[in-house]
Every structure is written in C-alpha cells, then in structure tokens.
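To start, the structure under review is shown below, and the notes come after it.
This chain uses plain numbering: 1 for the first residue, then up along the sequence. For ligands, and for the atoms within them, numbers begin at 1 and follow the listed sequence. These values consider heavy atoms only, across backbone and side chains, with no hydrogens, waters or symmetry-generated copies.
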Amino acid sequence: MASGQWVMEKRSSLRNDSFSRDNDNVPETGCLSIIVLGASGDLAKKKTFPALFNLYRQGFLQSNEVHIFGYARTKISDDELRNRIRGYLINEKSAPGQSEQVSEFLQLIKYVSGSYDTEEGFQLLDKEISAHESSKNSLEGSSRRLFYFALPPSVYPSVSRMIKKCCMNRSDLGGWTRIVVEKPFGKDLDSSEKLSAQIGELFEEPQIYRIDHYLGKELVQNLLVLRFANRMFLPLWNRDNIDNVQIVFREDFGTEGRGGYFDEYGIIRDIIQNHLLQVLCLVAMEKPVSLKPEHIRDEKVKVLQSVLPIKDEEVVLGQYDGYRDDPTVPDHSNTPTFATAVLRIHNERWEGVPFILKAGKALNSRKAEIRIQFKDVPGDIFKCKKQGRNEFVIRLQPSEAMYMKLTVKQPGLEMSTAQSELDLSYRQRYQGVTIPEAYERLILDTIRGDQQHFVRRDELKAAWEIFTPLLHRIDDGEMKPLPYNPGSRGPAEADELLSKVGYVQTHGYIWIPPTL
Ligand SMILES: NC(=O)C1=CN([C@@H]2O[C@H](COP(=O)(O)OP(=O)(O)OC[C@H]3O[C@@H](n4cnc5c(N)ncnc54)[C@H](OP(=O)(O)O)[C@@H]3O)[C@@H](O)[C@H]2O)C=CC1
Ligand SMILES: O=C1O[C@H](COP(=O)(O)O)[C@@H](O)[C@H](O)[C@H]1O
C-alpha cells in the first residue's frame, strides 16, 4: 500500500479515536437540515457551500438524510442559487467525476426568500424544512436543524428571534436546533455583551457555535497534541526557556473591495482580537483536565483573564498608503490596517515573556505563523549568539510546516557552528493527504455537537476585555496609525518594538528546501 493511502485511511479513524470518546458525543441519526442564512452572500458561496460540498463528497453528509436550505432576501429561484454556487465547487484541479457529484449535491439545495425580521419568510422556511423532514419519515423531534448565520451581525438578534419563534425543532427526541454565528461578534466589550445577552435569552450555550475559522486550521488543531503529547516540550514550555513568542498574520493584498466593512473594524478586530488571540490561548494555556470541550475552554479563559492591560508604548499601528483611495473608506480614516501589540500574561509560567501579536494587510508576504524563540544558551562556549537563537516555528499557512531552528556543527573538518533545522514539512511528510479546509472541519463539529473548537461566551468576553481600552483609544483618535508602503514589512517602528521587547533576529540563515 502506498504511504499516502495509509495516511488517508488513518486520518478518519484518528479523528474518532481522539475526539469522540472524550466528548461523550453520541452519533445521531435523525434527518438533518442545514440552513444557510445569507445564502446569496460572499461568505456563503466562497466558504459555507464549498465546505458543505466537501463534506458531502467525503460521505460525511448523506443524500438520504441531509437537505440544505439557502435563505436570503434576494428573490431568486433554486436553480439561480445553484448556478451561483456551482463555480465555487469545481475548478480545473477538481478530480474527474466531480462535476457529477456537484450536480447531485446542488440538487440537495432549496432556496427560500424572505426578510430577516418578519415571520412570513421564516414560517415559509419552517414549512419547507418540515416537508423535507416528513418526506424522510423523520420522527418529530428526532430531526436536526443547523442554522448557519452567513450574515452581518446587525441582523443576528432579529434572525435569532425568528428562528426561535418559527423554526425550532419541535420536541426533544434526540433532535436539536443549533446556530452557528460568524465574527465580528460585536465591536467592543459592551456591544459584544449586548449581542451575547440577546442571543443568550433565546438559545442555550450548547446550541450556540461561535465560529473562529483559525480554530479549524490543521496546525492550530495540532497545538494541543504537540504540547501535551510530547515529553520533550513539557519542561521547555515556560519563562525559564522561552524568551518571546510571536504570532504573526501577514497578507500581501489590501482590503480589495471590502474597504467599507474593514474600515468599521480595522485589523485588531478583524484578525488580532479573535484569530491570533485564540492561537495565543492554545500556545499559553495549561494542560486541560481532559479533551472535553469545557475543560479545554476553561483553560483558555484562564489565560485570557491573566493578560495584563496592553501598554500604549507596546503597540505600533500602521495604515498602508492608498488605503483611503477606496471610495468606501472615509478620507480621514484612522483605521489601522497593520498592528503589532505585545501581550503580557501574568502567571507563573509566562511572567516576563512577551507575546507579540502582529497582523497586517498589503504587506510583502502572505503567511501565518507562530514563532517561539528560546533564550540564549548560558555559558556559551561556541559563541552561538553569533549564529542565532533556537526557534520553534509553526507555520499555519501557506504550506503547513513546523521546524526547529538549531545550531549544529558545520559538516567538515573545521569545528565551526551553523544554523540548521529539524523540519516537518507537511507536503513532504504527508504526501497524498488533503488537509481539510477549516470550515469543513468546523461545520462537521457543529453537526457532531463538538464545541471544542468554538468560542464560549466567557471566552469572548475576556477577549474583548483585553482589547476594548486600546480600541477605544484608536476610535477616539488618541492613537494614530503610521503610514507604510504597500508591499513593505509595515512600519519600521514595529520591528524596533520587536527587538526592544527581546526578539533577536537570526542573520544569515539559509533554508534549502528538500526535494520531493
Ligand atoms: N519547512 C519549511 O517550510 C521551512 C521553511 N523555512 C524557510 O526559510 C526561510 C527562513 O526561515 P526563518 O528564519 O524561520 O524565517 P524568516 O527569515 O522569514 O524570518 C525570521 C524572522 O525575522 C523576522 N524579520 C524578517 N525581516 C526582519 C526585519 N527587517 N526586521 C526584524 N525582523 C525581521 C521575521 O518577521 P516577520 O514575521 O515579520 O516576517 C521572522 O520573525 C523562510 O522563508 C522560511 O519559510 C525554513 C525552515 C523550514
Ligand atoms: O477572518 C478573516 O480572515 C481572512 C484570512 O483568513 P485566512 O484563512 O485566509 O488566513 C482575512 O483575509 C479577513 O480579512 C478576515 O476577516
């Protein structure tokens, strides 16, 4: 058997082994309706429907039990919606025969048009869902209804009310109603708490899945395994050995037509307060009692609650030149498109270790990575400092990899040292394995009832508590972004801050990519 095949088979069983048992998830069998609210929008066609298709293609959604409903205001027919989606499900790289699967999948989709704040549309939606459930002879109460909010948060409260009033699963025979909500979940602590309270009055916490798609990325999910299933990391993962941690997000394109949306939020709300902070939690948290979602989320909350207030002098903001040329962005916008912020965790493990969160748009490269830099070797007899410090890098994207930069003897007759690496490049090590899209995994989790990779209400609150004071100072114009050239590294002040808090850049390290 080829190595690729072996790994493919292992992947599905591994998932069951590691997560289901500890989660007490009971497989459910009732008829499943997935309702994509905001079906005509960007997120739905680029992420939600393709993720559903991939689940269908791999057999996780069975045509004899699932039906998908698109709901939005736009008045279009079932076929018009299907045609809008089709192009996002298939491309020149798709496997032969995929076009047939796409057609079969599209036949599972029905479209219902209606507004987001009146009962009429939701009553119609309920009628369609119920008709599907009856056609499958589903016992009333055993059927499952998953509502995916691919919508602007401004309509979350009214849509939640309408679902509660018109579309709930009737009784409790093992069936359920769940909602999946996207970020941005509020703009600051108050607005987020208000939204949480509005939705919390209608749905119980186990019914609410707050999605952060970074939690669905392969290497983010690997963090827990990496940290707690490897003996060698246990004694190293602390302030005694680690000098600083960077969590970095860079994009090499600007806001590209999303300027209007982006300007209201900025890079801190768009990326740092959610995606990067979630990653920080997984890097910094203590070992959970078990893999039960609540145990993991309890530990994440403790980390967030231990973060000290961010100091203005440990923040650098930037805005790329040309950002305000977008007609939907105000001429005098103060919104940062780049930010570096140093977070300090006040606990026994991390006191004194800066966690540098850095995110920017329109930069010179596209990547997301975690870079853990170790302290200098005490009493260094090799003058290693000239070579650079040990670094453990986990590259989330592109080309998933983790590598440990370390000092070795330069091969040859001379006794000299050089920087090299222990390298786990996924593309090479796991040939033939397709890494699932984050949304694919997370939607499957919502169907399975596994909330481990979703943000709990208290977690969200703690995350907003960290950033709200800084965000308010930016909103009030008390802190200004520095200009930077698109295609650059961002403001030079950000790199200065990095070295000020302790990061030591490695010079002269050359990586020679292994050949496949
Ligand atoms: N398996 C694999 O795929 C492997 C790949 N490599 C590749 O080798 C190359 C070198 O690796 P590595 O040394 O880890 O990474 P880089 O050379 O990309 O960056 C090293 C660090 O230096 C920072 N940096 C870069 N320029 C400056 C500057 N002017 N001032 C301050 N800081 C700066 C980077 O910050 P910032 O985050 O802002 O970019 C990063 O933290 C990379 O392209 C890497 O992807 C190496 C090993 C294995
Ligand atoms: O949530 C968001 O994420 C994307 C980046 O996602 P990625 O999976 O491609 O890293 C970002 O472009 C967008 O601005 C933001 O809203």
Side-chain angles (χ1 to χ4, degrees), residues 42-43 46-47 51 182-185 211-220 244-259 261-276 278-279 316 318 337-338 340 356-373 387-406 419-429 435 437-439 442 484 488-501 503-514 516:
D42 228 41
L43 177 71
K46 288 188 183 151
K47 297 288 185 193
E182 274 283 345
K183 64 154 246 267
F185 205 82
I211 207 164
D212 181 314
H213 79 276
Y214 265 59
L215 291 177
K217 290 192 187 276
E218 181 67 36
L219 265 69
V220 174
N244 61 79
V245 178
Q246 285 186 62
I247 304 173
V248 182
F249 167 95
R250 310 169 73 88
E251 266 180 353
D252 55 2
F253 50 88
T255 51
E256 294 193 341
R258 291 172 74 226
Y261 152 79
F262 188 87
D263 198 70
E264 249 194 80
Y265 291 91
I267 198 77
I268 296 176
R269 292 182 176 98
D270 193 44
I271 303 287
I272 298 183
Q273 180 269 353
N274 33 67
H275 303 328
L276 301 195
Q278 284 295 322
V279 174
V316 172
T337 58
F338 174 100
T340 294
I356 305 151
L357 306 192
K358 184 161 71 173
K361 298 223 169 230
L363 296 175
N364 57 348
S365 61
R366 176 179 173 259
K367 71 171 182 189
E369 71 180 22
I370 305 162
R371 184 174 295 266
I372 294 157
Q373 185 171 74
Q387 296 290 344
R389 290 170 161 179
N390 289 153
E391 282 182 352
F392 181 41
V393 184
I394 301 166
R395 194 169 58 227
L396 311 179
Q397 64 190 36
S399 310
E400 291 84 349
M402 46 182 102
Y403 53 95
M404 176 78 83
K405 285 166 67 174
L406 72 179
Q419 278 280 290
S420 193
E421 69 286 319
L422 296 174
D423 182 355
L424 171 54
S425 293
Y426 271 46
R427 203 182 293 155
Q428 207 199 26
R429 178 64 177 81
I435 293 183
E437 267 286 306
Y439 277 97
L442 294 175
Y484 64 93
S488 70
R489 290 185 43 76
E493 286 81 348
D495 286 335
E496 286 161 20
L497 173 62
L498 223 65
S499 62
K500 204 174 117 201
V501 298
Y503 172 71
V504 179
Q505 201 190 347
T506 314
H507 290 286
Y509 168 68
I510 298 168
W511 179 60
I512 300 159
L516 287 180

Provide the closest heavy-atom pair for [X] versus [Y] in the form atom of the first, atom of the second, distance.
X: Q419; Y: G388; result: NE2-O, 3.5 Å
X: Y484; Y: T337; result: OH-OG1, 2.8 Å
X: G318; Y: P491; result: CA-CG, 3.9 Å
X: T340; Y: A494; result: OG1-CB, 3.6 Å
X: I370; Y: I247; result: CG2-CG1, 4.4 Å
X: I271; Y: A359; result: CG2-CB, 3.8 Å

N244/V501 under side-chain contact (heavy atoms from CB on, under 4.5 Å): CA gap, chis, key distance, verdict: CA-CA 8 Å; N244 61 79; V501 298; 5.7 Å; no
Residue [X] vicinity, atoms of ligand 2 by number, heavy atom under 4.0 Å:
X: H275; value: 1 (O), 2 (C), 3 (O)
X: K217; value: 7 (P), 8 (O), 10 (O)
X: R258; value: 13 (C), 14 (O), 16 (O)

Atom indices of ligand 1, in the order listed, that fall short of 4.0 Å to a heavy atom of [X]:
X: K358; answer: 35 (O), 36 (P), 37 (O), 38 (O)
X: V248; answer: 37 (O)
X: Q246; answer: 41 (O)
X: K367; answer: 18 (O), 36 (P), 37 (O), 39 (O)

[atom]: nearest protein contact (heavy atom, Å):
atom: atom 5 (C) of ligand 2; value: E251 OE2, 3.5 Å
atom: atom 42 (C) of ligand 1; value: Y403 OH, 4.5 Å
atom: atom 19 (O) of ligand 1; value: R371 NH2, 3.6 Å
atom: atom 16 (O) of ligand 2; value: D270 OD1, 2.6 Å
atom: atom 11 (O) of ligand 1; value: Y509 CE2, 3.5 Å
atom: atom 25 (C) of ligand 1; value: R489 NH1, 3.4 Å
atom: atom 45 (O) of ligand 1; value: R395 NH1, 2.9 Å
atom: atom 12 (P) of ligand 1; value: K405 NZ, 3.5 Å
atom: atom 3 (O) of ligand 2; value: H213 CE1, 3.4 Å

Short question: side chain of [X], backbone of [Y] - any donor-acceptor pair under 3.5 Å?
X: K405; Y: R389; result: no
X: Q373; Y: V504; result: yes
X: R395; Y: P398; result: yes

The test is side-chain contact (heavy atoms from CB on, under 4.5 Å); show your working for H275 and F249 and say whether it passes. CA-CA 9 Å; H275 303 328; F249 167 95; 5.8 Å; no
Please report whether ligand 1 has a polar contact with [X], defined as an N or O pair separated by less than 3.5 Å (distance criterion only).
X: E421; value: no
X: Y503; value: yes
X: W511; value: no

List the steps and the verdict of side-chain contact (heavy atoms from CB on, under 4.5 Å) for N364 and R250. CA-CA 8 Å; N364 57 348; R250 310 169 73 88; 2.7 Å; yes
State whether D270 and K183 are salt-bridged, where the test is any N-O pair (Lys NZ or Arg NE/NH1/NH2 against Asp/Glu carboxylate O) under 4.0 Å.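 Counted as a salt bridge, because a side-chain N and a carboxylate O are separated by less than 4.0 Å.
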Would you check, one step at a time, whether the test side-chain contact (heavy atoms from CB on, under 4.5 Å) holds for D42 with R258? CA-CA 11 Å; D42 228 41; R258 291 172 74 226; 5.9 Å; no
For [atom], state whether the nearest protein heavy atom is under 4.0 Å away.
atom: atom 4 (C) of ligand 1; answer: yes
atom: atom 22 (O) of ligand 1; answer: yes
atom: atom 37 (O) of ligand 1; answer: yes

Is it the side chain, the backbone, both or neither of R250 that has a heavy atom closer than 4.0 Å to ligand 1?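 The part of R250 near ligand 1 is the side chain, not the backbone.
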Just by distance, no angles: are the side chains of Y214 and N274 close enough, under 3.5 Å, to form a donor-acceptor pair?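 No, N274 and Y214 have no side-chain donor paired with an acceptor closer than 3.5 Å.
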With a 4.0 Å cut-off on heavy atoms, is F249 touching ligand 2?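 Yes, F249 has heavy atoms under 4.0 Å from ligand 2.
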Can you tell me if T506 contacts ligand 1 (heavy atom of the residue under 4.0 Å from the ligand)?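 Checking ligand 1 against T506, which is what was asked, there is no heavy-atom contact under 4.0 Å.
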Polar contact flag for Y261 and ligand 2 (N/O pairs, less than 3.5 Å):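 N/O-N/O distance under 3.5 Å: no.
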State, yes or no, whether a side-chain contact exists between Y403 and E391 at a heavy-atom distance under 4.5 Å.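 Sidechains of E391 and Y403: no contact.
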At a non-hydrogen distance cut-off of under 4.0 Å, which region of Y214 contacts ligand 2 (side chain, backbone, both, or neither)?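 Y214 to ligand 2: side-chain contact only, backbone stays beyond 4.0 Å.
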Among K361, K183, R366, E182, which residue places a heavy atom closest to atom 9 (O) of ligand 2?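 Residue with the shortest heavy-atom distance to the ligand atom: R366.
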